[in-house]
Structures are given as C-alpha cells and as structure tokens.
Amino acid sequence: MASFSSPVAIIFSFVFLCSLAAANEVTVGGKSGDWKIPPSASYSFTEWAQKARFKVGDFIVFRYEAGKDSVLQVTQGAYKSCNTTNPLATYTDGETKVKLDRSGPFYFISGADGHCEKGQKLSLVVVSPRHRALSPAPSPVEFEDGPAVAPAMTSGSARLGGGFVVLGLLLGLWAWF
C-alpha cells in the first residue's frame, strides 16, 4: 500500500504546488482602482503597470462609471495617437475584466472624448511563463513603455497559495506513513 500511496501523494503535491501559478486579477490603478483621467500629469497608468508582472491567463480589471466612460483595446498605433475609431474591442459595462490571453503588449485607451489625450491610457506587457527562463525580457525599444516587473502578492492570494502548500505537504506526509 505504501508503494502506491507515495506516487499518489507526490502527484497531489505537484498539482497543489502548480496551482500557485494560477491566474491573478489585477485592478487598473492598484488599490484606488479607478479608470479615469489621472489626477496629475505626473501619473501614468503605464508606469503603474510596469510595477506589475502580468502573465498569460491573468485578468486586468477596469472600474469606471458605465455610460460616461469605456475601455477600448487598441493597436499600438491607435494607443500612441489616441485614435478611438477602430478598436480591437470595446467595453462599456463599468467593471470590465479582460483576460490577458497571449504574451506580448496590450494597449488600452479611454473611449470618452479627450480622455486619452489627458493620460487615460494603458500599455502593458504580458509574459509567457514557459518562455520566461528561456528568452530575455522584451527590450524597451521593442515595447515603447518597457517590460513589466513582479507585483506584490495580495494577502488573499498569499493565504490561498500557502494553504495549498500546507495541504500538499500534509497529504504527502500522510501517504508516506
């Protein structure tokens, strides 16, 4: 029985440890969580995003007043020129959750007249976990606003991840004995 239990415990432990790499939900702007014209010219949503590491499967959440603003996912050219005429996707629900489903740059601007020109725009870079160790980070030349860096874990995600580690270890020890 012990010979069967050990591999099973190892598999369960591996599954639980892999769940630590689960997708995150990141609210644009951090704790303030507002998708609106920045309060000053010195604030940039893109600079905020550079302090976070986004990976494939994560979600970016935009919170704004429905009916008065929107989120447009756009090309790099439309981002640079604040062109709202041909977005890749349009969101108007007030609590938009966009899945970051591929690696590379993503560009978002406000759909409200004049908001993008006043700084309500965001570019971010999504990394692919499986390629992270094999390839260098994208250069700032390739992605105008530079690569993202690792975010701090939220207390809820740290507790959840820690719980999986403890449970995996307990199952492993239980099967061992």
Side-chain angles (χ1 to χ4, degrees), residues 19-132 134-158 160:
S19 69
L20 293 175
N24 293 314
E25 281 189 15
V26 182
T27 301
V28 173
K31 290 182 182 181
S32 70
D34 291 328
W35 176 243
K36 62 183 179 183
I37 296 172
S40 70
S42 65
Y43 182 83
S44 163
F45 285 110
T46 298
E47 286 180 20
W48 164 82
Q50 289 174 345
K51 296 176 184 151
R53 178 174 297 273
F54 300 97
K55 66 184 185 315
V56 174
D58 284 351
F59 291 88
I60 186 86
V61 180
F62 296 84
R63 291 194 177 106
Y64 52 94
E65 193 172 342
K68 293 193 177 191
D69 205 344
S70 62
V71 177
L72 306 179
Q73 186 173 346
V74 296
T75 64
Q76 181 181 22
Y79 169 83
K80 287 180 177 182
S81 65
C82 290
N83 183 342
T84 61
T85 59
N86 194 19
L88 302 172
T90 301
Y91 306 97
T92 59
D93 62 356
E95 176 124 357
T96 297
K97 186 189 297 187
V98 178
K99 184 173 185 175
L100 303 172
D101 58 357
R102 60 173 173 76
S103 61
F106 281 77
Y107 302 96
F108 301 95
I109 62 175
S110 170
D113 287 339
H115 284 211
C116 178
E117 291 82 357
K118 294 178 182 172
Q120 191 177 349
K121 58 196 238 175
L122 165 67
S123 75
L124 59 88
V125 177
V126 176
V127 296
S128 172
R130 69 172 189 255
H131 293 118
R132 183 174 43 212
L134 301 176
S135 63
S139 72
V141 173
E142 183 179 353
F143 302 117
E144 177 186 316
D145 296 304
V149 294
M153 289 181 86
T154 62
S155 60
S157 63
L160 182 61

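Because the structure is a prediction, the values reported are computed rather than measured.
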So do the side chains of [X] and [Y] get within less than 4.5 Å of each other, counting heavy atoms only?
X      : Y      : answer
Phe108 : Val98  : yes
Tyr64  : Asp93  : yes
Thr46  : Tyr79  : yes
Leu100 : Leu124 : yes
Ile109 : His115 : no

In Å and rounded to the nearest 0.5 Å, what is the [atom1] to [atom2] distance from [X] to [Y]?
X      : Y     : atom1 : atom2 : answer
Ser110 : Lys68 : OG    : NZ    : 13.5 Å
Lys97  : Arg63 : NZ    : CZ    : 9.0 Å
Gln120 : Leu72 : CD    : CG    : 10.0 Å
Glu25  : Phe59 : CD    : CZ    : 6.5 Å

Tell me the closest heavy-atom pair linking [X] and [Y], and the distance in Å.
X      : Y      : answer
Val74  : Ala78  : CB-CB, 3.7 Å
Val126 : Lys55  : CG1-C, 3.4 Å
Gly119 : Pro38  : O-CG, 3.4 Å
Asp69  : Gly111 : OD1-N, 4.0 Å

Distance-only, no hydrogens or angles: does the [X] side chain make a donor-acceptor pair with backbone N or O of [Y] under 3.5 Å?
X      : Y     : answer
Trp35  : Glu95 : no
Lys121 : Cys82 : no
Thr92  : Ser70 : no
Asp58  : Asn24 : yes
Asn83  : Thr85 : yes

side-chain contact (heavy atoms from CB on, under 4.5 Å) evaluation trace for Val26 with Trp48: CA-CA 11 Å; Val26 182; Trp48 164 82; 3.7 Å; yes

In terms of relative ring orientation, are Tyr43 and Phe45 parallel, tilted or perpendicular, with 30° and 60° separating the classes? perpendicular

Aromatic contact between Phe62 and Tyr91, with the criterion being ring centroids under 6.0 Å apart: yes or no? no

